[in-house]
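Owing to the predicted nature of the structure, the values given are computational and were not obtained by experimental measurement. Naming convention: chains lettered A, B, ... in sequence-line order (proteins, then strands); numbering from 1 in each chain.
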There are 4 protein chains.
Amino acid sequence: MRRHDLQEAILEAAQYLLIREGYGSLTMRRIAQRAGCSVGSLYLYFDSKEGLLFALMDRAQERLAERFFDPQIQTIDAPRERLQALARAYVDFGLTYPESYEILFILHPRELASYPEERMQRAYRLLDPIVEAIEDYVRRHDLEMPDIRVAAVSFWSALHGIVSLLLAGRLARLRLEVDHEALIEHAIRQAIGGLCRLMRRKDNRKT
Amino acid sequence: MRRHDLQEAILEAAQYLLIREGYGSLTMRRIAQRAGCSVGSLYLYFDSKEGLLFALMDRAQERLAERFFDPQIQTIDAPRERLQALARAYVDFGLTYPESYEILFILHPRELASYPEERMQRAYRLLDPIVEAIEDYVRRHDLEMPDIRVAAVSFWSALHGIVSLLLAGRLARLRLEVDHEALIEHAIRQAIGGLCRLMRRKDNRKT
Amino acid sequence: MRRHDLQEAILEAAQYLLIREGYGSLTMRRIAQRAGCSVGSLYLYFDSKEGLLFALMDRAQERLAERFFDPQIQTIDAPRERLQALARAYVDFGLTYPESYEILFILHPRELASYPEERMQRAYRLLDPIVEAIEDYVRRHDLEMPDIRVAAVSFWSALHGIVSLLLAGRLARLRLEVDHEALIEHAIRQAIGGLCRLMRRKDNRKT
Amino acid sequence: MRRHDLQEAILEAAQYLLIREGYGSLTMRRIAQRAGCSVGSLYLYFDSKEGLLFALMDRAQERLAERFFDPQIQTIDAPRERLQALARAYVDFGLTYPESYEILFILHPRELASYPEERMQRAYRLLDPIVEAIEDYVRRHDLEMPDIRVAAVSFWSALHGIVSLLLAGRLARLRLEVDHEALIEHAIRQAIGGLCRLMRRKDNRKT
DNA sequence: AATGAATGAGCATTCATTCAT
DNA sequence: GATGAATGAATGCTCATTCAT
């Protein structure tokens with residue numbers, strides 16, 4: 001139990017520092033200091049700084065899964081509503097755990113180069129529920145969508161766009177005094193609306 | 001002439017390394033090595049590492065302006081087509097000058113904290129043509145859009161999402177073997193379609 | 001125990017280099033090399049080069065206090081003998097701990113600009129016993145000395161002159177083959193004699 | 001003529017910077033900047049930084065000679081008054097040309113290690129007029145002074161003490177709010193008084 | 001005579017990592 | 001299990017000096 005406690009404290013500290021000060025300022029010294037242990041102790045639980053980062057990634061993936069693969073969402077019957085709930089969950093995850101989001105989707109690939117591919121893949125299962133919802137929608141409305149994978153990635157990219165813009169604090173820097181909540185709402189509706197329209201169009205062209 | 005050559009080589013080297021290896025690995029030594037000069041020479045052309053980074057920012061902004069504020073685009077009469085041309089230009093800029101895009105829109109603001117705000121603002125003028133196109137569209141079709149600024153940022157965020165995902169090379173890593181061209185096409189149409197639909201909706205509600 | 005050993009070794013090394021090679025050549029690398037440790041270890045014991053220098057100052061002040069504020073001297077009743085003992089102690093201190101003397105009184109204040117003033121002041125308490133001795137002398141012999149502070153500083157400056165000349169090794173360089181002991185003896189007697197004479201003179205003028 | 005002009009400007013600049021910013025901050029770049037020429041030009045007139053420093057020393061010696069070997073002083077008949085005039089001239093030189101004084105008598109010997117000995121000696125001829133004056137005094141008053149060289153160095157050391165204390169700005173730092181003029185006056189009279197008294201004493205003991 | 005671009009060596013400092021205790 | 005002393009390598013940056021022009 002004890003063991004786990006310190007390990008957890010270390011991860012917590014690292015995560016806290018990562019988003020506050022950035023990866024460049026994330027040092028083993030500071031992590032130890034914040035976790036309330038010695039630098040040496042870090043190496044009892046993690047092989048290296050990279051190992052610690054990987055553990056952080058694993059953790060971030062779990063958190064994402066918790067939110068995104070929420071059973072409550074899966075049971076929403078109407079695919080469009082499900083898509084909306086997924087989008088909401090995704091954005092919420094990003095804004096609630098900015099550090100996790102940063103690690104998973106923003107951190108430079110270089111830092112994660114040697115992160116085992118199989119563990120990496122897990123994070124991107126998030127596309128599956130999106131694909132499913134789109135398929136569902138297409139099927140139910142008897143529409144067409146030639147490449148659903150493309151549609152899903154495109155949908156995801158729109159969500160990623162809004163989250164990463166908000167997290168980077170660029171809007172604030174730009175003095176773009178825009179209400180975040182309204183922006184998120186707008187962006188999600190824009191993505192879903194655009195997606196559905198594309199399906200319809202495909203349909204129209206055929207006729 | 002020579003003078004300019006090395007300065008250019010340094011910027012080129014820094015840019016190359018920045019995107020390939022990330023900001024954390026961007027060191028003056030490596031820049032010098034890649035530029036084929038001594039570390040000291042870097043300081044002949046730039047005050048500091050930060051200064052070099054700022055020069056890179058300036059450069060990226062110019063490149064963005066070239067593509068995005070292209071007069072040919074401005075003269076497209078139909079606002080929807082103009083919007084599409086702007087979106088294309090934005091994505092093209094990002095894919096053609098990935099380093100510039102990375103510097104402008106992905107690099108964490110932390111690293112550029114002291115970049116003069118007025119110079120920073122220039123980059124974000126890109127919202128203006130988008131705002132104008134939306135306004136145009138709304139006006140011509142006699143629609144309503146309560147907060148055009150929100151709509152513009154939302155539109156931008158969709159473009160940013162697709163570009164940053166492509167640049168991060170995440171798709172490749174994910175073995176998401178998706179055709180980039182199709183994806184871009186899809187994403188742009190999704191964004192425009194979603195945007196226009198949101199306007200119509202507003203209209204519908206009113207009636 | 002060990003801990004203190006290396007700290008001491010570092011101070012010793014820094015002191016040695018400071019006097020032998022001058023402040024300009026005092027580098028962390030050389031200190032580490034001479035102390036027999038790595039450069040990084042220096043920073044385990046001292047915050048910075050400046051911090052190390054300050055520790056050296058503190059140390060020098062302690063050594064000065066030991067010699068100069070010797071209780072045995074304070075109890076000498078006859079003020080003139082006490083003055084002589086003080087002068088001896090001062091010069092002895094300078095010659096015994098040349099590095100300490102150099103740090104305290106020769107090193108340019110520039111290098112120590114941020115040394116806390118209150119700690120600095122301690123070193124200059126040395127004027128107090130001199131002032132007291134002069135006051136005593138004046139009182140006992142019923143003489144006059146309008147500005148005792150001036151007299152004390154003047155006396156101190158004579159001692160400083162002889163010590164700094166000897167320490168700088170200038171006499172040797174000049175081939176001024178002069179017996180150091182005789183020179184010190186002479187200088188001290190000259191200072192005391194001159195001081196007392198000035199008092200008498202003041203007296204004479206008044207009458 | 002031109003040639004001389006720039007050389008002079010360089011020396012002037014170096015001297016100015018030397019005292020203002022200290023030897024540690026005396027860089028070729030800054031000298032060139034202040035002298036209004038390029039760094040390379042410095043090497044047209046001086047072999048190296050050390051060479052420039054040596055030229056500065058030569059210059060300082062000349063200035064000292066001008067003041068100290070002033071014919072007007074040499075012609076003062078009364079040896080005691082001559083001694084006083086010499087002391088005054090010495091202190092004046094130090095306070096008027098602090099940079100020169102610093103170079104000649106305070107700069108760490110290390111920096112001057114390779115200054116040609118014969119040129120070094122010139123600076124210390126200053127002892128000759130002092131020796132002569134003392135000899136004169138002894139002779140005229142029929143006194144004794146076993147080692148006149150010791151007496152002269154001792155006298156010189158008193159003057160050096162007061163000048164170096166004032167130049168280092170220590171008194172100011174100590175908040176020893178002492179009138180400089182009074183202090184100098186006092187110190188010189190103390191030195192002369194002490195010196196003469198020592199001669200007398202020698203005499204007394206003999207009888 | 002004068003420049004200024006270029007550099008290698010060096011600066012203080014910080015880093016992730018190791019290991020005896 | 002935990003520490004903290006120790007380190008080699010790397011960081012951004014400055015230096016005196018050289019040399020083609």
Side-chain angles (χ1 to χ4, degrees), chain A residues 2-3 5-7 24-33 35-53, chain B residues 2-7 10 24-32 35-53, chain C residues 1-7 10 24-32 35-53, chain D residues 2-3 5-7 10 24-33 35-53:
Chain A
R2 275 277 143 128
R3 183 174 209 292
D5 282 359
L6 184 49
Q7 190 169 34
S25 302
L26 183 70
T27 74
M28 296 303 260
R29 257 209 250 315
R30 301 189 66 170
I31 295 171
Q33 196 181 337
C37 68
S38 75
V39 184
S41 296
L42 265 44
Y43 289 87
L44 292 177
Y45 297 101
F46 304 97
D47 285 347
S48 62
K49 190 181 175 185
E50 198 184 37
L52 206 164
L53 197 64
Chain B
R2 272 283 142 122
R3 183 176 211 287
H4 243 57
D5 283 358
L6 183 50
Q7 190 168 36
I10 291 169
S25 303
L26 183 71
T27 76
M28 296 304 261
R29 266 170 184 58
R30 299 189 66 168
I31 295 171
C37 68
S38 74
V39 181
S41 295
L42 264 43
Y43 290 88
L44 290 177
Y45 297 100
F46 304 98
D47 283 346
S48 61
K49 186 182 175 182
E50 198 183 38
L52 205 165
L53 208 60
Chain C
M1 213 44 143
R2 275 279 142 124
R3 181 174 212 292
H4 242 60
D5 283 359
L6 182 50
Q7 188 168 36
I10 292 169
S25 304
L26 183 69
T27 76
M28 296 303 261
R29 267 177 188 44
R30 300 189 66 168
I31 294 170
C37 67
S38 75
V39 182
S41 294
L42 265 43
Y43 290 86
L44 290 177
Y45 298 100
F46 304 97
D47 283 346
S48 61
K49 187 181 175 183
E50 198 183 39
L52 205 165
L53 209 61
Chain D
R2 272 279 143 128
R3 181 175 212 290
D5 281 358
L6 184 48
Q7 189 168 37
I10 292 169
S25 302
L26 184 71
T27 74
M28 297 302 261
R29 258 209 252 313
R30 301 189 66 171
I31 295 171
Q33 194 181 338
C37 68
S38 75
V39 185
S41 296
L42 265 43
Y43 290 86
L44 291 176
Y45 297 100
F46 304 97
D47 286 346
S48 62
K49 189 180 176 186
E50 198 183 38
L52 205 164
L53 196 65

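- Taking atom CD of Gln33(D) as the reference point, atom C1' of dC15(F) lies 15 Å away to the nearest angstrom.
- Per the geometry, CZ belonging to Phe46(B) stands 15 Å off P belonging to dT14(F), to the nearest Å.
- Residue Leu6(A) comes nearest to Ala35(A) through the heavy atom pair CD1-O, 4.4 Å, listed as atom of the first residue, atom of the second, then distance.
- Looking at the side chain of Cys37(D), the nearest of the listed nucleotides dT13(E), dT3(E), dA2(F) is dT3(E).
- Remark: P of dA5(E) and CD of Gln7(B) are 10 Å apart, rounded to the nearest angstrom.
- The side chain of Ser41(D) approaches dT3(E) more closely than any other nucleotide in the set dA2(F), dT3(E), dT17(F).
- Within the structure, every side-chain polar atom (N or O) of Arg29(C) is placed at least 4.0 Å from both OP1 and OP2 of dG10(E).
- As rounded to whole Å, 17 Å separates atom P of dT18(F) from atom CG of Leu44(B).
- Separating the CD atom of Glu50(C) from the P atom of dA12(E) is a distance of 13 Å, rounded to the nearest angstrom.
- Look at Tyr45(D) and you won't find any side-chain N or O under 4.0 angstrom from OP1 or OP2 of dA1(E).
- Taking atom NZ of residue Lys49(D) and atom C1' of nucleotide dT18(F), one finds them 17 Å apart after rounding to whole Å.
- The side chain of Ser38(D) places no N or O atom within less than 4.0 Å of a non-bridging phosphate oxygen (OP1 or OP2) of dA2(E).
- Counting only heavy atoms from C-beta outward, the side chains of Asp47(A) and Leu52(A) never approach each other to under 4.5 Å.
- Toward the 5' end of DNA chain E, the nearer of the two residues Met28(C) and Gly40(B), judged by each one's closest nucleotide, is Gly40(B).
- Using a 4.0 Å heavy-atom distance criterion, Thr27(A) is classed as a sugar-phosphate-only contact.
- Residues meeting the salt bridge (charged side-chain N to carboxylate O under 4.0 Å, His left out) test with Arg30(B), sequence neighbours left out: Glu21(B).
- Ser41(C) and Ile10(C) make their closest contact through O-CD1, 4.4 Å (heavy atoms, listed as atom of the first residue, atom of the second, distance).
- The closest side-chain heavy-atom distance from Ile31(A) to Val39(A) is not below 4.5 Å.
- In this structure, Leu42(D) atom CG and dA1(E) atom P are separated by 15 Å, rounded to whole Å.
- Between Asp47(D) and Gly36(C), it is Gly36(C) whose nearest contact on DNA chain F lies nearer the 5' terminus.
- The partner of dA1(E) is absent, by the rule that a Watson-Crick or G-U pair needs both atom distances under 3.5 Å.
- Contacts of Leu26(C) with the nucleic acid, taken as non-hydrogen atoms under 4.0 Å apart, involve only primed sugar atoms and P, OP1 or OP2.
- Pair assignment for dA16(F) gives dT7(E), based on Watson-Crick or G-U wobble hydrogen-bonding distances that are each under 3.5 Å.
- Taking atom OH of Tyr43(D) as the reference point, atom C1' of dA6(E) lies 14 Å away to the nearest angstrom.
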